[in-house]
Amino acid sequence: QVQLVESGGGLVQAGGSLRLSCAASVRIFSGYNMGWFRQAPGKEREFVAAINWSGHSTYYTDSVKGRFTVSRDNAKNTVYLQMNSLKPEDTAVYYCAKDSRPFGDVVEGNFDSWGQGTQVTVSS
């Protein structure tokens, strides 16, 4: 049973920062790509960032490049999303996700396990 628990969301002013964490109860966590997605009110869930199983490769949607950084600590079974220079359009529920297959390439459609989400609200 995979369990992903996000934390670190909150209310922040535009230009501020937040760091999201996702603690994973996953066998062989270090073998899985991990991702972050978000869903704003009235919108579809969208890909934000991902990190491959080794931690050597990261991927970002264009709108967050240069502002967000995804990282992982395999010893702690935890993945992070550092969010800087936040904008009101970053307001959403942020979800942590795990790839369905170990040691694979990062493919957006392969993430199939999700956390409960954490709310991020950026005020203008």
Side-chain angles (χ1 to χ4, degrees):
Q1 183 79 11
V2 174
Q3 187 173 17
L4 304 173
V5 180
E6 301 96 335
S7 61
L11 173 64
V12 64
Q13 288 189 331
S17 298
L18 285 173
R19 187 193 195 202
L20 305 184
S21 299
C22 172
S25 61
V26 177
R27 289 186 62 191
I28 318 177
F29 172 80
S30 59
Y32 289 91
N33 305 322
M34 298 295 295
W36 288 96
F37 292 72
R38 66 187 179 187
Q39 187 167 18
K43 294 188 176 181
E44 297 288 322
R45 186 163 55 191
E46 65 170 351
F47 169 81
V48 176
I51 186 165
N52 81 326
W53 56 272
S54 70
H56 291 160
S57 298
T58 56
Y59 308 83
Y60 301 94
T61 192
D62 286 346
S63 62
V64 309
K65 285 180 181 177
R67 301 189 298 122
F68 290 13
T69 303
V70 60
S71 61
R72 65 191 297 159
D73 185 338
N74 286 341
K76 296 182 178 179
N77 278 23
T78 302
V79 61
Y80 305 97
L81 185 67
Q82 177 68 44
M83 305 186 295
N84 299 328
S85 302
L86 282 161
K87 304 176 181 180
E89 51 264 43
D90 294 318
T91 295
V93 178
Y94 283 71
Y95 297 91
C96 173
K98 170 191 154 296
D99 199 316
S100 60
R101 303 171 304 158
F103 304 112
D105 294 332
V106 172
V107 177
E108 185 178 328
N110 286 348
F111 291 93
D112 71 343
S113 298
W114 306 88
Q116 83 288 350
T118 185
Q119 177 70 48
V120 172
T121 303
V122 184
S123 63
S124 58

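Fair warning: this is a prediction, and the values are worked out from it, not measured in the lab.
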Review point. Should the heavy atoms of other residues, nucleotides or ligands under 6.0 Å from CD1 of Ile28 be counted, would the total exceed 12?
Key: no
Exercise for review: Of all the heavy-atom pairs spanning Asn74 and Ser30, show the shortest one and how long it is.
Suggested key: ND2-CB, 3.5 Å
Review point. If you measure from NZ on Lys87 to OG on Ser124, what distance do you get to the nearest 0.5 Å?
Key: 14.0 Å
Check your understanding: Under 3.5 Å, side chain of Glu6 to main-chain N/O of Cys96, donor-acceptor pair present?
Key -> yes
Review point. So Trp114 and Phe37, would you call those rings parallel, tilted or perpendicular, with 30° and 60° as cut-offs?
Key: perpendicular
Check your understanding: Which value, rounded to the nearest 0.5 Å, describes the distance between Asp90 atom CG and Ser63 atom OG?
Key -> 7.0 Å
Point to revise | hydrophobic_cluster_shared for Trp36 and Val93, side chain cutoff 4.5 Å | key: no
Check your understanding: Crowded around Asp73 CG? As in, over 12 foreign heavy atoms under 6.0 Å?
Key -> yes
Point to revise | Qualifying residue for side-chain contact (heavy atoms from CB on, under 4.5 Å) with Tyr80, from Arg72, Met34, Arg19 | key: Arg19
Practice item. Please say which of Val48, Val64, Val12, Leu20 ends up in a side-chain contact (heavy atoms from CB on, under 4.5 Å) with Met83. Key: Leu20
Practice item. With rounding to the nearest 0.5 Å, note down the distance linking OG1 in Thr91 to CZ in Arg38. Key: 9.0 Å
Point to revise | Pairing of Asp62 and Lys65 as salt bridge, 4.0 angstrom limit | key: yes
Revision key, fill the gap. Closest heavy-atom pair, Tyr60 versus Ala49, reported as atoms and distance to 0.1 Å, is CD2-CB, 3.6 Å
Point to revise | Close side-chain approach of Asp99 and Val106, heavy atoms under 4.5 Å | key: no
Review point. Is there a path from Tyr94 to Val2 through hydrophobic residues (I, L, V, M, F, W, Y) whose side chains come within less than 4.5 Å of each other?
Key: yes
Exercise for review: Report the residue from Phe29, Phe103, Tyr32 that forms a ring-ring contact (aromatic ring centres under 6.0 Å, His included) with Trp53.
Suggested key: Phe103
Check your understanding: Taking C-beta and beyond as the side chain, do Val122 and Glu89 meet within less than 4.5 Å on heavy atoms?
Key -> no
Exercise for review: Spell out, as yes or no, whether a donor-acceptor pair under 3.5 Å connects the side chain of Asn33 to the backbone of Gly104.
Suggested key: yes
Point to revise | Any donor-acceptor N/O pair, Ser100 side chain to Asn110 backbone, under 3.5 Å | key: yes
Point to revise | Side-chain (Ser25) to main-chain (Gln3) donor-acceptor, under 3.5 angstrom | key: yes
Review point. For the residue pair Phe111 and Ala50, what are the closest heavy atoms and their distance?
Key: CZ-CB, 4.1 Å
Study note, to complete from the structure: Residues Ile51 and Ser71: closest non-hydrogen pair is CD1-CA, 3.7 Å
Check your understanding: Got a donor-acceptor contact below 3.5 angstrom from the Gln39 side chain to the Ala92 backbone?
Key -> no
**Study point:** Sidechain-backbone polar pair: Tyr59 side chain, Val107 backbone, donor-acceptor under 3.5 Å
**Key:** no
Check your understanding: Same hydrophobic cluster for Val70 and Phe47, using side-chain heavy-atom links shorter than 4.5 Å among ILVMFWY?
Key -> no
Check your understanding: Is Phe68 reachable from Leu18 through a run of I, L, V, M, F, W or Y residues, each pair having side-chain heavy atoms under 4.5 Å apart?
Key -> yes
Review point. How close do Ser21 and Thr78 get, heavy atom to heavy atom, and via which atoms?
Key: CB-CG2, 4.4 Å
Revision key, fill the gap. Here the pair of heavy atoms bringing Ser85 nearest to Ser17 is N-OG, 4.3 Å
